[in-house]
Each structure stands twice: as structure tokens, then as C-alpha cells.
Amino acid sequence: MLITIGLQSFSQKQTNSLKQAYAPYFKIGTALNSSHIEEGDYDGMLLVRKHFNAITPENVMKWELIHPSPNQYNFALPDAFVKLGQKDSMYMIGHTLVWHSQLPQWVHAITDPVQLEQVMKEHIFQVMGRYKGKIHAWDVVNEALNEDGSMRESVFYKVLGSSYIAKAFKFAHEADPDCKLYYNDYNMVVPAKRQGAIRIIKELQAQGIPIHGVGMQGHWNLNWPSLQDIEQAITDFAALGITVMITELDITVLPNPWDLVGADVNQKFENSEKMNPHPNFLPDSVDILLAKRYEDIFKIFVKYHANIDRVSFWGVHDGVSWLNDWPIRGRTNYPLLFNRNYKPKRAYKSVISLVKQAENK
Ligand code: XIL
């Protein structure tokens, strides 16, 4: 009886959705995979429509999928993504134009600077140009930095030097002058890496090349990063006069192999019982820690809402999170606000009640 009453009172409070509750603060986004885009995951799409007002394609606009060989573009799924977004009045973020990962071999193999610049330009013009006026913002360059803030030795850097970033943003601005252009990376909470991002942003600004925002991928865990580092990162970027986005939020509750910090998609490790401690369900004790962690983090986001345009989760519910397969394949992870049965978790309740409490004050 008590349980029923508890559920009823909870569901009555659910007249609001995440996007409605957070409307005074920032957009609430999620990443869509092909099962959502093709409307196969019907229940998943119900959650998307109810709770989110911004969408990012998890994979289908990445170079190796959208432009796998020099004269081949696969626009079917990206087109479907944009159509879906338009139908549901979603804010749409393109992800991503220039990135060393999920980049086809034919691009990695280019060694001539003139050719690579031309290929990059054509890629940006074709992909952005197709969705001009439809996609609102693009992650133009993704993950250009090493952990110490130096430039990552990607094919773009090796062949074109650090000016490839300015070129990419310039081409992107030409391809769609009204589009918001972002630099996106992980571990921006680490001071040395953040200094690298600040350097990139200042260099673009000094050259008069538009950059509108910075995306901090939020691939975090229950203990890392510290709340102070999150706060410092937001204020440091805001001081540059650009918008801050939390772009790929998920909080792993599983052990971290070799104390891995970050989100380099190329790092993979072996599975084992020790590394997969909750194969069947999320214990209450961990669920509570996750809810508290989300609450603490969202308190910071709300505090700096004037500087934050969007907080996007990397996935709709636990069952489709990339963290079930990265950095170890075949684990059962619980990093998001909705569980595998499409039901809100404690973390959802802590995140939504945070702003409801604030409203009631
Ligand atoms: C991930 C996707 O979620 C996976 O499905 C894919 O296999 C690998 O890439 N940083 C990014 C995202 O910018 O594009 C990555 O997405 C996660 C890390």
C-alpha cells in the first residue's frame, strides 16, 4: 500500500519532463543511435520526445559512416535523423566533422597537405551544406588535444600543422554562416588539457574566425572529476566569452581498468567478473551513489546556467549506452538517468527535483 502511494505521488510529480523542468536553465540533450533514428526503439523514442529537446547523432554523421570512400556519401540515416529532429522541433547538433577516430583509412593515408585541405573542405561543405539551416550547431573539431594540452598527432595535425583547426572552422563558417560552431573534447576538467583548449579558442578568436562554444564531454565516474574541477572548467571557458556545453554526459559505475581516465575510443581491455560486478542489476547502494553524484553535478550546472547552453547525455537509457562495451566489451553499466526498462532511476529523481525545489523556494 505504502509503495503504491509512493509511486502515485511520484508519478503525479511527473507532469514535468526533464526538458520542461530545465527550460529556464539550459537544453537537455541526448544522443540517438540508428535504432532511434529508424524508429525501431519505440519506447526509447517516447523517452526522447518527452524528456529531451536537443539531439546529437551518436555515430551516423561520423566520417567513416557518412563519407566512407572518396566519392561515396551515406546520407540515408543522417537525413532520417534531421527529419526526425525537425518533426519534433529538436535542437540538432551535428557530430562531428574533423576527428581522428572513426575516420576512414583513405583519409589517414593522405600525406599531401594541399590534397588533405581540399578533402577536408569538401567533406565539410558536402556534409554541413546538405543540412544548412536545419542542423543548428556542429562539433567542428573533436578531440584535437593530448592530455598535456599539446596537439594530438592526428593525420590532420601531421599533414597540415595546427592551422588545420582554423581552416576547419573557416570552412564550416563558409558552409553555413548561421550555424553555431563548437570545439569538443574529453578531460577538459584537467587543467593542462584545458589550457590547450583555451589556447585553441584564443587563437581562433585572435584571427577573427568564429567559434561559438566549447563542448566538455562528460565521460565521468562516481569520484572523478572533483566538483571543484568541473566548476573551474566552466568558469575558465565562460571567461573567454563563449558558451559552454556538457556534451556527452554519462557516469560509469564500473571499475576503471588501469585507472583509465578519459574517453579515448581506441582504448580497449579484457572483460572479467571483477570488472563486471553488476551483471544482473544495479545494487541500491550504487544507485544511491549515482543519484547523489548526478545531484552534485547538476547543482553546479544550475549555478552556472547563464553560461551553459546545453547538457547532453550520451545515450537515451542504460541499455544503449556505449559504456556497456567501452573500454571493455560486454559489461553491464548503468551510467544514465533511465534504466534498461525505460524507467527513471533515482538519479532522474535527484536531477529533476533539484530544479523543482529551486522553483518552490
Ligand atoms: C562513441 C559511440 O558512442 C560508440 O557507439 C562508438 O562505437 C564509438 O564512439 N567521444 C566522442 C563520441 O566524441 O563520438 C564517442 O562516441 C565517445 C567518445
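Order of appearance sets the numbers: ligands from 1, and atoms from 1 within every ligand. Just so you know, these numbers use all the heavy atoms, side chains as well, and skip hydrogens, waters and symmetry mates.
- Each of the following atoms of ligand 1 lies closer than 4.0 Å to a heavy atom of E248: 10 (N), 11 (C), 12 (C), 13 (O), 17 (C), 18 (C).
- Using modelled atom types and a 3.5 Å distance limit, the side chains of D41 and Y342 yield a donor-acceptor pair.
- For the residue pair D79 / Y131, a side-chain donor-acceptor distance below 3.5 Å is found, with atom types taken as modelled.
- Interatomic distance, Y25 OH to L354 CG, rounded to the nearest 0.5 Å: 8.5 Å.
- Of all atoms in ligand 1, listed by their number and element, those nearer than 4.0 Å to a heavy atom of W99 are 14 (O).
- Around atom 7 (O) of ligand 1, the closest heavy atom drawn from L323, N33, N59 belongs to N59.
- Taking every heavy atom of H95 and a limit of under 4.0 angstrom, the matching atoms of ligand 1 come to 11 (C), 12 (C), 13 (O), 14 (O).
- Aromatic ring centres of F338 and Y348 lie closer together than 6.0 Å.
- Each of the following atoms of ligand 1 lies closer than 4.0 Å to a heavy atom of Q217: 10 (N), 11 (C), 13 (O), 18 (C).
- Each of the following atoms of ligand 1 lies closer than 4.0 Å to a heavy atom of K62: 1 (C), 2 (C), 9 (O), 12 (C), 14 (O), 15 (C), 16 (O).
- Geometrically, ligand 1 and W314 share a nitrogen or oxygen pair separated by less than 3.5 Å.
- Between W322 and ligand 1, no N or O atom pair is found at a separation short of 3.5 Å.
- A side-chain N or O of E143 and one of Q217 form a donor-acceptor pair less than 3.5 Å apart.
- Here T96 has no heavy atoms under 4.0 Å from ligand 1, in either its backbone or its side chain.
- Side-chain contact of D296 with Y294: a donor-acceptor pair under 3.5 Å is absent, judged by distance alone.
- In this structure, H67 has its ring center under 6.0 Å from that of W106.
- Not a single heavy atom of Y186 sits less than 4.0 Å from an atom of ligand 1.
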